[in-house]
Enquirer: 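Pasting a structure here, questions to come.
Values below: every heavy atom of this structure, side chains too, minus hydrogens, waters and symmetry copies. Just so you know, these numbers come straight off a predicted model, no measurement behind them. Ligands are counted one by one from 1 in listed order, and the atoms in each one are counted from 1 as well.
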Amino acid sequence: MKSIVESFTYNEFNDIKELPENERKLVGLSREMTKSAYSPYSGFRVGAAVLLDDGTIIKGNNQENAAYPSGLCAERVAVFSASALHPDNRIKTIAISAYSDRRDSKKPVSPCGSCRQTLIEYEKKQKTPVKIILAGEKGKVIVIDSVADLLPLHFTNIDL
Ligand code: THU
């Protein structure tokens with residue numbers, strides 16, 4: 001038996017002001033997208049903005065449904081749209097923000113397991129890392145260099 005330790009480093013900023021201009025813009029757009037989220041059941045609004053390698057930005061937000069599992073997270077709405085509309089472009093960065101109608105939402109939102117799995121599909125396909133920026137309504141921002149960091153021992157096409 002051997003024990004294996006996997007760890008990763010990420011960067012935390014006190015405010016988007018500390019980020020480079022293009023990342024600041026991306027977080028701003030993801031925050032803007034929380035406003036038009038369709039989340040009447042959870043009251044939890046998530047916005048996402050995806051930056052492609054040619055500078056195109058694709059936005060999305062969570063879309064809920066009375067039949068709960070039929071809804072979709074903001075990250076997947078945005079990334080599926082990016083892949084559908086720009087299948088040959090690489091995804092450079094995704095910014096994700098959240099706003100709760102019910103409580104304080106300064107804490108950066110972290111993508112759910114299904115979104116991590118979805119994002120890693122594109123990271124593997126394009127063979128370059130997808131940077132993830134996590135934010136709340138305001139304040140602290142977390143920057144992670146690769147989706148793979150968020151999903152150790154991930155399942156991919158090579159496992160099939
Ligand atoms: N949600 C997202 O959009 N992204 C995540 O990564 C976590 C959760 C949405 C799904 C649902 O509409 C609401 O937040 C509450 O779970």
Side-chain angles (χ1 to χ4, degrees), residues 6-13 15-16 19 22-52 56-86 89-126 128-156:
E6 241 198 279
S7 65
F8 78 103
T9 304
Y10 63 90
N11 295 314
E12 202 177 278
F13 300 85
D15 193 274
I16 57 165
L19 296 178
N22 64 337
E23 294 183 0
R24 225 169 32 230
K25 181 180 167 195
L26 213 59
V27 174
L29 291 171
S30 70
R31 282 180 174 156
E32 217 173 278
M33 286 305 289
T34 63
K35 295 180 191 149
S36 51
Y38 178 63
S39 51
Y41 305 104
S42 70
F44 193 66
R45 303 168 172 277
V46 186
V50 173
L51 173 67
L52 303 182
T56 304
I57 293 174
I58 305 290
K59 299 175 285 181
N61 49 29
N62 53 330
Q63 298 294 316
E64 296 186 349
N65 194 284
Y68 292 0
S70 301
L72 200 60
C73 292
E75 297 90 319
R76 276 177 284 167
V77 169
V79 99
F80 286 157
S81 176
S83 179
L85 296 169
H86 303 272
N89 285 98
R90 290 179 185 189
I91 297 169
K92 284 184 78 173
T93 310
I94 179 168
I96 311 159
S97 297
Y99 174 85
S100 171
D101 293 338
R102 297 174 189 170
R103 57 180 174 77
D104 180 64
S105 37
K106 271 193 263 171
K107 188 172 168 273
V109 66
S110 199
C112 77
S114 297
C115 287
R116 292 175 195 213
Q117 181 66 35
T118 301
L119 287 165
I120 207 142
E121 179 76 20
Y122 297 105
E123 188 168 276
K124 292 294 164 192
K125 175 181 169 247
Q126 68 188 32
T128 52
V130 174
K131 191 190 261 198
I132 314 180
I133 308 176
L134 310 179
E137 187 188 348
K138 55 186 170 190
K140 196 170 87 175
V141 179
I142 287 172
V143 181
I144 301 153
D145 288 334
S146 166
V147 178
D149 289 338
L150 287 182
L151 201 60
L153 301 177
H154 42 262
F155 179 81
T156 67

Enquirer: Using a strict cut-off of 4.0 Å, indicate which atoms of ligand 1 neighbour a heavy atom of Phe44.
Expert: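 Every atom of ligand 1 under 4.0 Å from some heavy atom of Phe44: 14 (O).
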Enquirer: Provide, to 0.1 Å, the distance between atom 1 (N) of ligand 1 and the closest protein heavy atom, together with that atom's residue and name.
Expert: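 For atom 1 (N) of ligand 1, the nearest protein heavy atom is Cys73 SG, 3.6 Å.
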Enquirer: Using a strict 4.0 Å cut-off to heavy atoms of Ser42, name the atoms of ligand 1 that fall inside it.
Expert: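 Counting from 1, the qualifying ligand atoms are 13 (C), 15 (C).
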Enquirer: Between Arg31 and Glu137, does any NZ, NE, NH1 or NH2 come within less than 4.0 Å of an OD or OE carboxylate oxygen?
Expert: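 So Glu137 does not pair with Arg31 through a salt bridge.
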Enquirer: Would you find more than 12 non-hydrogen atoms of other residues, nucleotides or ligands less than 6.0 Å from Glu121 atom CD?
Expert: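 No, the 6.0 Å shell around CD holds no more than 12 heavy atoms from other groups.
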Enquirer: Before signing off on this row, confirm whether Cys112 and ligand 1 have an N or O atom pair separated by under 3.5 Å.
Expert: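 Yes; the residue has a nitrogen or oxygen that sits under 3.5 Å from a nitrogen or oxygen of the ligand.
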Enquirer: Provide the closest heavy-atom pair for Val141 versus Asp15 in the form atom of the first, atom of the second, distance.
Expert: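 Taking every non-hydrogen atom into account, CG2-C, 4.4 Å.
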Enquirer: When you measure from the side chain of Glu123 to the backbone N and O of Val147, does any donor-acceptor pair fall under 3.5 Å?
Expert: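 Yes, Glu123 side chain to Val147 backbone: donor-acceptor pair under 3.5 Å.
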Enquirer: So is Ala74 polar-close to ligand 1, meaning N/O to N/O under 3.5 Å?
Expert: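 By distance alone, the answer is yes.
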Enquirer: Could you check whether Glu75 pairs with Arg116 (Lys NZ or Arg NE/NH1/NH2 to Asp/Glu carboxylate O, under 4.0 Å)?
Expert: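 Salt bridge absent between Glu75 and Arg116.
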Enquirer: Is Pro111 near ligand 1, meaning one of its heavy atoms is under 4.0 Å from it?
Expert: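 Pro111 counts as a contact of ligand 1 under the 4.0 Å cut-off.
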Enquirer: State whether the number of non-hydrogen atoms from other residues, nucleotides or ligands found under 6.0 Å of Tyr10 atom OH is greater than 12.
Expert: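 Counting neighbours around OH of Tyr10, 12 or fewer heavy atoms of other residues, nucleotides or ligands fall under 6.0 Å, so no.
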Enquirer: Do Asn62 and ligand 1 have an N or O pair less than 3.5 Å apart?
Expert: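 Yes: some nitrogen or oxygen of Asn62 is under 3.5 Å from one in ligand 1.
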Enquirer: What residue and atom, counting heavy atoms only, is the protein's closest point to atom 4 (N) of ligand 1, and at what distance?
Expert: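 Of every protein heavy atom, Glu75 OE1, 2.8 Å lies nearest to atom 4 (N) of ligand 1.
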Enquirer: Tell me the closest heavy-atom pair linking Val50 and Ala78, and the distance in Å.
Expert: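 In this case the closest contact between Val50 and Ala78 is CG2-CB, 3.8 Å.
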Enquirer: Which atoms of ligand 1 sit under 4.0 Å from any heavy atom of Glu64?
Expert: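 Once the distances to Glu64 are compared, the set is 11 (C), 12 (O), 13 (C).
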